[in-house]
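Atoms within each ligand, like the ligands themselves, are counted from 1 in listed order.
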Amino acid sequence: MTSGKAGAAVADVDVAVVGAGFAGLYLLHRLRGLGFSVKVFETGADVGGTWYWNRYPGARCDIQSLDYSYTFDAELAVRWQWSEKYATQPEILRYLQHVADTLDLRRDIAFSTRVEAAEWDAAASLWRVRTNRGDAVSCRFYVMASGCLSMPKTLDIDGIDRFAGEVFFTSRWPHEGVDFTGKRVAVIGTGSSGIQSIPIIAAQAAALTVFQRTPNFSIPAYNGPVPADKRSAIESGREQYRDEARRSGIGVPVPVSEQGALQVSDEERLARYEAAWARSGLVEVLSTFNDLLANPASNETLAEFVRGKIRAIVHDPATAEALCPKGYPIGTKRLCVDSNYYDTFNLSHVRLVDLRTQPLATITETGIDVAGESLTFDAIVFATGFDAMTGAIVAVDITGREGLTLKDKWSHGPRTYLGLTMAGFPNLFAVTGPGSPSVLSNMVVSIEQHVDWIAGCLEHMRREGLAVIEATEAAEAGWVQHVNDFGDITLFPRANSWYMGSNVPGKPRVFLPYVGGVGTYRTICDEVVTRDYLGFRFEGPAGVRINDGIIRRVQPDVAIMLDIVRGLGLPAMETMPVEQARAFAAMLATQRPPGPNVGECVDGTLPGAAGDLAYRLYRPATPGPHPIVVYFHGGGWVLGSHDADDPFCRDLCVRSNAIVISADYRHAPEARFPAAPDDGFAAVRWIAAHAESFGGVPGQIAVAGWSAGANIAAVVCQMARDAGGPAISGQLLVAPVTDADFSRASYVDNADGYILTTSLMRWFWDHYAEEPARANPKASPLRASSLVGLPPALVVTCEFDPLRDEGAAYANALAAAGVEARHLPCRGQIHTSLMAVDAILSGAAARAEMGGVLRQFFGAPILA
Ligand code: FAD
Ligand code: NAP
């Protein structure tokens, strides 16, 4: 018995846990070891969770057993020897039973007991838990270790109750086993469960018919004894191996290629896929290149490779084609790992029914009706999957603060902080909940990390005398956004998978897990703790303590880039002599992806204000003539050249269907203010006067620029207005410098850590213009006495950019002056990230909008 809030009600146990699978067992052991009293409830009659229920023939793990094992107990790890590379369900169940026995866990587990409801009692600061056996247990902390794949999907097939033969569910397989000898068997479903069981059922049955709605990609398991090299890799450095797993992407230490699939020759790519196929392993295959789950074209190369294997294995071409998955990227539905799955379709008594061409009409008394056919069976096996990640959690009536139910809270999709906690539900934790890496990882690694985090949190609260913990709304909203941002830069949302909730009719279509990887995720969870439990509200005898905040606000791919840059330990540019800074910037530019192909790319010179200027022209592949965008590169008036923003100019050319001419200008400190805008204006005048010779449409000239280049573009518009021409159709200002004023909040908030720093910006200004000149509108266009009569504008700003607020101020000032001006604030972006074409995918939507607005400047409809 233990006390709740100081002087408050007494709880029956410190912690109630739902589920006795990998998660519940480790929770019980870990919390017990810390001196907490724990009660575990389990619907099943024994421990094991997934491995207790899924006893269908062929059930095995798809992550190698040496990896798919607990690591918290070194002795256990040494003592338990797996007999196969991918252990069978009986062996994994024996393992978990062995763990339960060795650690004496069963005495605190109530088996055959389902938790039906749990309600937060705010007055007593405890949860009241109710079971189907009438237990009423109060606890200070309530943990859902109820499994992500433990709630079978409610069947959405007509006529199930009518069938007079035998019915089996892979997820609820009879303990005594099933003998299919001599029987006509139907299997519905070709996910991992179907794919594992079909070859074994085929070996027994007189006839097997497989009903496939969506083909899955599957790779060979090559199961056998535990690979000796893997065993010795672990045994020779167990802690290091486990640590690498914990810091990896998926929870298995597999090197990920540093190349994209399209960065190598066709021969090289094929050779790597062949090697991966020969070695197999789902983590290994998907790590062959680093962009397989982000770049559709790269993904298609692997998808087609696997389709080629299917066509080579399956003899009947029509069956092979029906088994070839199409229409979704490989890896975005769980990649299956099989033993002789495709070969099974070469057996004469095995038939594939493709439900896309012969839709399933109903189950009948004797079998299954599909379009045009009635089929007769003795047994039907449903391998139809789960209401994944949320099903088991919302199956319990969970009521939090002020009567809020979790079912209602999640009615539009789950919302969690870190996949571990939920605002409105104090002292409630979920293990591997939605919003955590969970099902996208080796789940034992993720389970151990969550259990350790929860244990650490409970210890912290005990130490600090805190009774209640709850995620704040802001922290949760920020995390949901981060999870979605990460999902959106991958291909996962393109598939109708259970990861997206789309396998269950009526379930909100939301990407459920966190795709940032177990290593990144662990770092974030640890950072929450070191930042004094950022995003949590605590209550204790001393009152309420709120440490509100959002743990990740930068876009995920931007954060990865920042981590890489930090890791390189590069010197600050402003500490270098100018020539060295220029060489350094030019060297960095060689490392970036090249950007899209354009119709033509030519270099030339045109007359500037004081001599020739280099330019690079990008022409669309479409028939001309085209409008022209005169572009000015960034680089603080000090760095760069006509080809400095090459990938971005290519992207702009393709997206706007306009000629982009990137015109150089004289740089500081050799040519200080106002050399740059004078050159810019000269270039625009020249191009406008010679539009036709560039293949342009006379009178259709816009200007664009990034950073200092956007400053030049803005100033050129003012100069053209004041000079009475040339007419400019529009201005695209990306993260522009508009005012020499360092007092704005963004200069303070984003002073450091986001590549363009406040001190670097000062360095640029110091090279560019004397203090008094900076107030000149040709240097600070925001200070113009009037902005009336300027061309329509799109001003793009980035959230984590020192220049953010002066860009926003310019957009506002333009609008106030009656200019048709739009402001596009880019959440989570930094000064340089929108330029990083094909590297920062989260910037693509903004770049698409820029292209669309340029088209609008020229009166063309925006293309999709
Ligand atoms: P579970 O093992 O699902 O345990 C949850 C338990 O909670 C269940 O026993 C359930 O009965 C109980 N429960 C739920 N609700 C209640 C309630 N209201 N009251 C009482 N008890 C309740 N992952 C991998 O990483 N690698 C693999 O190779 C792999 N293979 C898999 C194979 C199959 C067939 C399936 C279905 C899943 C597989 N998974 C795999 C995912 C697997 O679910 C996890 O690896 C892991 O076993 C989950 O452990 P858990 O304790 O979180 O949940
Ligand atoms: P699943 O991947 O969701 O597959 C269910 C299958 O049933 C799909 O082919 C689905 O088709 C089909 N289906 C569902 N409803 C249907 C209907 N009304 N009519 C026709 N077909 C229908 O489920 P699962 O195979 O049980 O696997 C779930 C997850 O558990 C896996 O992804 C994996 O993470 C884990 N698992 C792992 C292993 C392993 O190898 N270790 C084994 C089993 C399970 P659609 O695709 O068209 O919906």
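When ring centroids are compared, F168 and W173 come within the 6.0 Å threshold. A distance below 6.0 Å separates the ring centres of Y70 and F22. Aromatic rings from Y521 and H450 are positioned such that their centres are separated by under 6.0 Å. Aromatic ring centres of F72 and H29: separated by under 6.0 Å. In this structure, the ring of Y86 has its center no less than 6.0 angstrom from the ring center of Y222.
Remark: ligand 1 atoms within the under-4.0 Å shell around heavy atoms of W53 are 8 (C), 9 (O), 10 (C), 11 (O). Contact atoms of ligand 1 toward G19: 6 (C), 7 (O), 12 (C) (distance under 4.0 Å to a heavy atom of the residue). For ligand 1 and F22, the ligand atoms under 4.0 Å from any heavy atom of the residue are 47 (O), 49 (O), 51 (O). Listed by number with element, the atoms of ligand 1 under 4.0 angstrom from any heavy atom of V396 are 18 (N). Proximity to T214 (heavy-atom distance under 4.0 Å) selects the following atoms of ligand 2: 45 (P), 46 (O), 47 (O). Contact atoms of ligand 1 toward R114: 17 (C), 18 (N), 19 (N), 20 (C) (distance under 4.0 Å to a heavy atom of the residue). Annotation for ligand 1: atoms under 4.0 Å from non-hydrogen atoms of A145 are 5 (C), 7 (O). Each of the atoms 15 (N), 17 (C), 18 (N) of ligand 2 lies under 4.0 Å from some heavy atom of D156. For ligand 1 and N442, the ligand atoms under 4.0 Å from any heavy atom of the residue are 25 (O). In the vicinity of K333, heavy-atom distances shorter than 4.0 Å reach the ligand 2 atoms 46 (O). Shown in contact with S150 at under 4.0 Å from a heavy atom are these atoms of ligand 1, numbered in order with element: 3 (O).
Here R114 pairs with E116 in a salt bridge; the nearest charged N to carboxylate O distance falls below 4.0 Å.
In this structure the side chain of V226 never reaches within 4.5 angstrom of the side chain of E84, judged on heavy atoms.
Not one N or O of Y56 is nearer than 3.5 Å to an N or O of ligand 2, by distance alone. Remark: ligand 2 and N216 share no N or O pair separated by less than 3.5 Å (distance only, no angle test). For a threshold of 3.5 Å applied to N or O pairs, the pair formed by K153 and ligand 2 contains at least one separation below that value. Considering backbone and side-chain N/O of S193, none are found under 3.5 Å from N/O of ligand 1. In terms of polar-atom proximity, T170 is not counted as a contact of ligand 2, lacking any N or O under 3.5 Å from an N or O of the ligand. Residue-to-ligand polar distances keep G189 apart from ligand 2: every N/O pair is separated by 3.5 Å or more. Polar contact check, C61 against ligand 1: no nitrogen or oxygen pair lies under 3.5 Å apart.
Counting heavy atoms under 4.0 Å from ligand 2, residue C61 touches it through the backbone alone. For C148, no heavy-atom contact with ligand 1 is shorter than 4.0 Å. With a 4.0 Å heavy-atom cut-off, ligand 2 is reached by the side chain of I157 but not by its N, CA, C or O. At a 4.0 Å heavy-atom cut-off, ligand 1 does not touch T131 at all. Residue contacts with ligand 1 for Y52 are absent, since no atom lies close enough (heavy atoms, distance under 4.0 Å). Of all the heavy atoms of D62, the ones lying under 4.0 Å from any atom of ligand 1 are found in both the backbone and the side chain. When heavy-atom distances to ligand 1 are checked against a 4.0 Å cut-off, F111 has no atom that comes that close, whether in backbone or side chain. At a heavy-atom cutoff of 4.0 Å, ligand 2 is contacted by the side chain of F386 but not by its backbone.
For atom 20 (C) of ligand 1, the closest non-hydrogen atom on the protein side is T43 OG1, 3.1 Å.
Taking 4.0 Å as the cut-off, Q212 does not count as a neighbour of ligand 2 on heavy-atom distance. Residue-ligand proximity: S441 is placed with a non-hydrogen atom under 4.0 Å from ligand 1. Within the structure, ligand 1 lacks T170 among the residues with a heavy atom less than 4.0 angstrom away.
Checked by atom type, the side-chain pair K507/T390 shows a donor-acceptor distance below 3.5 Å.
Within 6.0 Å of atom CZ in R130, 12 or fewer heavy atoms from other residues, nucleotides or ligands are found, so the atom counts as exposed in its surroundings.
Pairing each heavy atom of S438 with each of S446, the nearest pair is N-OG, 3.9 Å. Looking at every heavy atom in both residues, V439 comes nearest to C148 through CG1-CB, 3.6 Å.
Residue T50 holds the heavy atom nearest to atom 38 (C) of ligand 1 of all those in D46, T50, N54. Distances from atom 11 (O) of ligand 1 to the heavy atoms of Q64, E42, M151, H450 show the closest one on E42. Nearest to atom 47 (O) of ligand 1 by heavy atom, out of Y86, Y68, F41, is Y68.
Remark: side-chain polar atoms of E284 are not paired, donor with acceptor, to backbone N or O of V254 under 3.5 angstrom.
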